[in-house]
Structure formats: structure tokens, C-alpha cells
Protein chains: 4
Amino acid sequence: MPEPVGVRQAQAQRTRSGVLSAASAVFVDQGVQAPIRDIAERAGVGVGTIYRNFPTRADLVTAVYRHQIDTCTALAPRLLEESASPFTALTRWADAFVEFLVTKHGLSAALGSGDPGLEKLHALMLDTLVPACATLLDACADADELSPGITAYTLMRAIGNLCITGPDYDRDDAEHMVATLLAGCRREA
Amino acid sequence: MPEPVGVRQAQAQRTRSGVLSAASAVFVDQGVQAPIRDIAERAGVGVGTIYRNFPTRADLVTAVYRHQIDTCTALAPRLLEESASPFTALTRWADAFVEFLVTKHGLSAALGSGDPGLEKLHALMLDTLVPACATLLDACADADELSPGITAYTLMRAIGNLCITGPDYDRDDAEHMVATLLAGCRREA
Amino acid sequence: MPEPVGVRQAQAQRTRSGVLSAASAVFVDQGVQAPIRDIAERAGVGVGTIYRNFPTRADLVTAVYRHQIDTCTALAPRLLEESASPFTALTRWADAFVEFLVTKHGLSAALGSGDPGLEKLHALMLDTLVPACATLLDACADADELSPGITAYTLMRAIGNLCITGPDYDRDDAEHMVATLLAGCRREA
Amino acid sequence: MPEPVGVRQAQAQRTRSGVLSAASAVFVDQGVQAPIRDIAERAGVGVGTIYRNFPTRADLVTAVYRHQIDTCTALAPRLLEESASPFTALTRWADAFVEFLVTKHGLSAALGSGDPGLEKLHALMLDTLVPACATLLDACADADELSPGITAYTLMRAIGNLCITGPDYDRDDAEHMVATLLAGCRREA
DNA sequence: TATGAATGAGGCTTCATTCAT
DNA sequence: AATGAATGAAGCCTCATTCAT
């Protein structure tokens, strides 16, 4: 009896999704350096399955955050349309980015760690988020709302760093400091 | 025959200094989580010597940065006297802090890591750098040069985070972003 | 294609048994404090395998002796049935216990060491051997063959201690002293 | 000015005594395997001083217990004179030996451990205590009060083992079991 | 494909012992 | 004779990674 085409693939896809969900949760709890075994246990799979799907830790980290990064990227053009001014759009977009980062504690630290294994995640950001941010910055520049010399990559990296929270520097502090940084980016009239 | 006073102490002190130098260098290369053995090898001592002098890793990290932190702390009142305005003093002091941080890559990451073992270093900063910074901020506030709601601890933590450098976000970028953050802290006339 | 059920479990079980055999042998040679690595080498496995199967040293020690302890426990009621008098049964049972102990040098020393990590083994004895011994003592008491004040736990501990052998105090000496102790336990007519 | 003869030696002797006192106390707390450094700290001397006076751990252990062993040895002939019967003398002497052992927790375990480094202590016992005990046993045998086959060394070793106390087998239990063992040694009339 | 047992490198820490002063 | 800083071997334990089933 021939098995229906794609059943196997569907199952494999479900396994993959389960791993990603588990990894996401474990990263929040323990950071991106969490033991692979912990993720496997949370996902209810063997460690071999994780290695099959994500040969390196960086592959896993990247996959975990890819969807949210894509969502964030897609937000930029929409905000630009909807907002009263380009700088307002930039501010709102930064809010969304911060929202993303502060709920994924491990991510900011990971991005800031310089870990060479995370180059793929780095590349993902360069490829998607940075251009999105650049669009916003260009619009601000066109509207004469931006101090000179601010580049998308540097700004995003700075925002990312400001989102590394801890016991005495929480989400509110991060939001406050990002808002302050953006205020400093605004060209004085 | 009395042995020359302090000969052994002097030798021990030299050993201790050598360990601190080695640790400082290794921290720059590998971060504060570097294996103790690597530090011992760089210092040319056995691991036992490191454990004797610095029972915990946090003790070592703290000792490595204590001197520079103290220097930075002492700078604040001097700048306040010498500078044309309190905000200028704050800016210069931030420059010095950044200078310190970006040459000690490991430190910023350590401060941002939330590692519970580094509470001593954290406490050291709270006890010395934060009050120094608070003095500057108070002066700025008295001169009506500061946006409301900026606290010394949060600002320092933010500056610290902005100084977590990497391949595509270097010292110049950190300085730029810190300057931008401070610009955002300045009350608009 | 379903993999033959239990093939891997069987292999794992064999590994586990091999570890237990190796541990048993190493304990005789070196005592229960022997390095884990030595046991791993004797078993032909990596240290990780031992830690996987027996997370703590006490787990390993307990497992090593559990089977023999159970055997010894099961012997008590049988001897009570078969023997001419309860005291004879007690004597025979003590012989079996001694037989067990003197061939497992490490065990007696372990029981006498007060090592807090060996509470599990201690508990195992309390839970199984002591009740078995108590049955025999009760029968002796009922037959008026026992001096008053002898409790199962104390007696077993004493027997255990008497079985700590060494170069000049061997198995025969232990048997002799245990027999002498039991003679002292017998109520004088 | 010539220093009075013997001042140095007297000082050295005082150092030695201090080390022995400290070691005795530490052995009670931690057993005879206590770190040398702990003993040095308790004695207020450097570890080198301990190594100078007692090159091996066994030397130290032996020295610590020598005095008490000698006292115990000297007791035997006195008890033999004073007591109504040789067996009474033996019983009393055993009481004294138990008293010594149960207050020196580490010792019994040490004697039973088979540690080859403790051969000196072992030898000390063979050389002094065993002959003393043998005198008592001989007297008992002459008075027809002793079961045949009981040798001094084996009996002492057995008593020593019975004195290995722990949480659920205390001094009273040890005394009880030693008394029971001796009862078993008594020739039935 | 999925599994998870097994491996063993690698980091941590303690402490016996040496030796220059 | 006394000191105690320094050494480094030795044990512990974790976890990334492989591979037979």
C-alpha cells in the first residue's frame, strides 16, 4: 500500500517546528547557550534529531528568530506609510524591535557576544533588518529629520545592545534608553 | 638572622600582579569566561596560584578592573571643576568611561551578562562609578541641562552596553552612539 | 521498518551490567572511593556512561550491592523454617551475611564510614536487611534464646564492623569474632 | 651574647606539641584524612613545619595517639592486680580501650581502613597494646575463664572495629557490643 | 528519519608536597 | 627551624557530538 505522498515530509516539518518552539522557550529561560539536551527534552525528541535539522547551534538560533525578524522587517514599509513623519515611523519601528528583543533575552546578548558561530544570525540581520531600517533612515534624511552620520547597521546594533537587560536594568530602562538614543538622532531644527 | 622584611611579600605581590596582567590580556582575547588554565599559562604560574589569590572567578575579574574603575571614578569631580558647563563635564567623563570600556572588551559583556558570580564587580560599580556619575548628572540637572528621568545607574549601564564592540561595530561606532545617547539626554532649550 | 524491539535497551542493559561488574571489582581493590575513571576503564566505557547510569557515586554503590543484599534478605525466612532452633537460624544467617561482607571489602568500610552520600545504601539496609534480621531475633526472643537488649540494627552494624578485614585480620578472624559475638548474644540457660 | 642552651630546642618542642594538639582536635572533627593545611592553621604554624616534624601523615597520626596508647598499655598490669578475677580485669581494660577509641572517632576508621600509610600506627599497637592485652588473656586462660582460640591481636582489632561509630550506632551501642563480644569470649563453666 | 546511548575532551577545584627565603 | 607561596597531579562533572540501530 503506497503511503500518501508528503506524509513523511509533513511529519518531519512538525518535528522541526516542535524543536523550534522548544528552543525558543529554552532560550528565554537559559539563554542561547543552553544545553542541546535540554532543548531536545523540552521538544520531546532525541538530540540526534536536533543535530539533523540544525547541524550547528547557530543554525538553530537563526531559525528560531528568523520568523520574528521577518515580521519586524515587513513592518518598516507599513509604518512609513501610516505615520505622520518618517521619524515617527522610525520611532515606532524601534519600539517593535525593542519589543522583540527584550522578550528574547538571550538574543541581545548573543548578538553582542561576538560569538563567531552566530555569524549566520548576524548575516540574517544584515540581509533583512538592516535594509528595512535603512529605508526608514533614508526617509528621515530626505525629510531632514536625521542627524548626519547615522547608519542603519550601527543604529540597530546600538539598539540591540541597549536591550541587554538584567536585574537592575529592565525592559522599561531599555525602552527609555532607546528613546533617548533616538532623540539624539533627531536633527535639531 | 632576620630575613629581609617583605622579600617574600614582594615576590607574592609580583606574582599577583602578573596574574592580573595575564588575566586582563586573556579577558580581552577570550572574554571573562576564559579557562583559568589559560590565564595561568599566560601568567607563567600554576592554576593553584590563581585560586590562592582569587578564590572565585569574580574575585579575579573584579581585581582586574578595580584600578581602572577607581581611576575613572576619581576623574568626575576634576572634570566638573575644569569644564565650562556640567554637561560638558558629563560628556568628557563619558568619553573616559568609553575609552576604558572599549579597550577592555570583556568587561562590557561581563557587566551585561547577568552572571550572578559577577555581583562583586557590579557592586563595585554601584559603589564607586555610579555615585561619581550621579554627581555629574546632579550638576547638569541644577544647570537645567538634563532631560528629566535620567538616572546614573541606567545611563551607565546603557553606555556600558553601547560599548560592547564586535567586528562590524567598533570603537568609533561605540563612541558615536554614546555621543548620540548623550545628545538625547540634553534638555532642549 | 520497525527496529527489533529492545535491541538498544538490551545493549544498554549489558553496558549497565558491565559497569556494575567493574565497579564491584574495583570496590574490592580500592574501596568505594575509587576514582570513577578507574571504574570506567575497567568496564571499557567512558566516564559519561557511568554518570548517565548512576548520577552519584552513592547510586552506583547502592546498585552494586542491591542484588546481594536482596538475596541475603530473602534467606532469613527460609533458614527459620529449616533450622532446628531460631538461634541456629540466626547463626546461619549471620554466616551468610559475613560471607557477603567479607567478599565485598569495600562495603563494610563504606557502611562504617558515615559518608553522607551513602545514605541510600544505608536506607536500603534499614529497609530490607534489618527487618529480616529482626524476624530472626524475634524468633530467638520468643524461644528464650536471646539476651535482652539486642536490636537488629545494632547487631547488624556490629557484624558489619567485625567484617572490616585487613592484612592481619582476615576472613577467618571475622567469622570467628562474629561467632563469638553471637555467642555473647545467647541467653545463658 | 650566647643564647642559653636548649632555648631553641624548647621552642621546637613547644611547636611540636602545638601541632599534636591541633591535629588531635582536627582529627576528631574531620577524621585522620583532614587536609594538612587545616591542621597547620589550627596550630598557627606553616605547613612546612608540620612536614618537618612529621614527614608523613602516618607519622603525625601515630604521634597523636601514641601517648594515649601508652597510657592504655600501662593500665593492663595495674588492672590485673586490682581486679577480683583476670576476666574482670580484661573487661575493665576493654572499657578503657573503648573509652579511648570512641572519643577519637577518626582512629577506629583509620585502623580499619587498611591504609598502608598507617602501618606505623599499626606497628605501634602491635608493639604495645597487643602484648598488654595478651597478658590479660593469658591470665584469663590460666584461670580457665577464656574460650580457646581468642588471640590478643584479633580481639583488639575486633574491639576497634566495634568502636566505629556513626549516626545510628553510637558510643553506647559500641560499649554494648564490646561487652557482648567479651561475654562470648568467656568460657562457659 | 529518529533515537539516545556512548564517548571523551575540557573546565573546575582541591590539596599534598616542595623549596626559596 | 619556620614559613607559606607556588606547583601541578588528580579527581570531579558536564555536555557537544557521533553513530549503530
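Chain A is the first sequence line, chain B the second, and so forth, proteins listed ahead of strands; every chain is numbered from 1. No hydrogens, no waters, no symmetry mates; every other heavy atom, side chains included, goes into these values.
Of all the residues in residues 10-23 of chain A, not one reaches under 4.0 Å from DNA chain F with any non-hydrogen atom.
As a whole-Å value, the separation of A/Gln30 CD from F/dC15 C1' is 12 Å. If you take CG of A/Leu60 and P of F/dA16, they are 12 Å apart, rounded to a whole angstrom. Look at CD1 on C/Ile39: it is 14 Å from C1' on F/dC13, rounded to the nearest Å. One can place CD of C/Gln9 at 8 Å from P of E/dA5, the figure rounded to the nearest angstrom. When rounded to the nearest whole Å, the span between CZ of C/Arg8 and C1' of E/dT3 equals 4 Å. Following rounding to the nearest Å, C/Glu41 (CD) and E/dT7 (P) show an atom-to-atom distance of 12 Å.
The distance from atom CG of D/Leu60 to atom OH of D/Tyr51, rounded to the nearest 0.5 Å, is 10.0 Å.
Neither side chain, B/Arg8 nor B/Gln11, offers a donor N or O lying under 3.5 Å from an acceptor on the other. Between the side chains of A/Thr56 and A/Asp59, a donor-acceptor pair is found at a separation under 3.5 Å.
Scored by the side chain to side chain contact (heavy atoms under 4.5 Å, CB included) test, B/Val45 finds B/Thr15, B/Val19, B/Ala40, B/Ala43, B/Thr49, B/Ile50 as partners (sequence neighbours excluded). Annotation: salt bridge (Lys or Arg N to Asp or Glu O under 4.0 Å) contacts of A/Arg16 (sequence neighbours excluded): none. The side chain to side chain contact (heavy atoms under 4.5 Å, CB included) search around A/Ser24 returns A/Val64, A/Lys104, not counting sequence neighbours. Partners of B/Gln30 under the side chain to side chain contact (heavy atoms under 4.5 Å, CB included) rule, at least two apart in sequence or in another chain, are B/Val26, B/Ala34, B/Pro35, B/Asp38. Remark: B/Arg52 engages D/Arg37 in a side chain to side chain contact (heavy atoms under 4.5 Å, CB included) (not counting sequence neighbours).
Side-chain contact between D/Thr62 and D/Ile69 is absent, with no heavy-atom pair separated by less than 4.5 Å.
Contact annotation: C/Asn53 side-chain N/O to E/dA6 OP1/OP2 distance is under 4.0 Å. Remark: D/Arg52 is in phosphate contact with F/dA1, judged by side-chain N or O atoms under 4.0 Å from OP1 or OP2.
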Summary of protein contacts for nucleotides 8-14 of chain E, nucleotide by nucleotide, where a base hit scores B, a sugar-phosphate-only hit scores S (4.0 Å, heavy atoms):
BB-SSBB

Could you provide the dot-bracket string of DNA chain E, using ( ) for intrastrand pairs, [ ] for crossing pairs and | for bases paired to another strand, with Watson-Crick or G-U pairs below 3.5 Å?
.||||||||||||||||||||

Please step through side chain to side chain contact (heavy atoms under 4.5 Å, CB included) for the pair A/Ile39 and A/Val47, ending with a clear verdict.
CA-CA 8 Å; A/Ile39 296 167; A/Val47 292; over 6 Å; no

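In this structure, C/Arg57 contributes its side chain and C/Val32 its backbone to a donor-acceptor pair below 3.5 Å.
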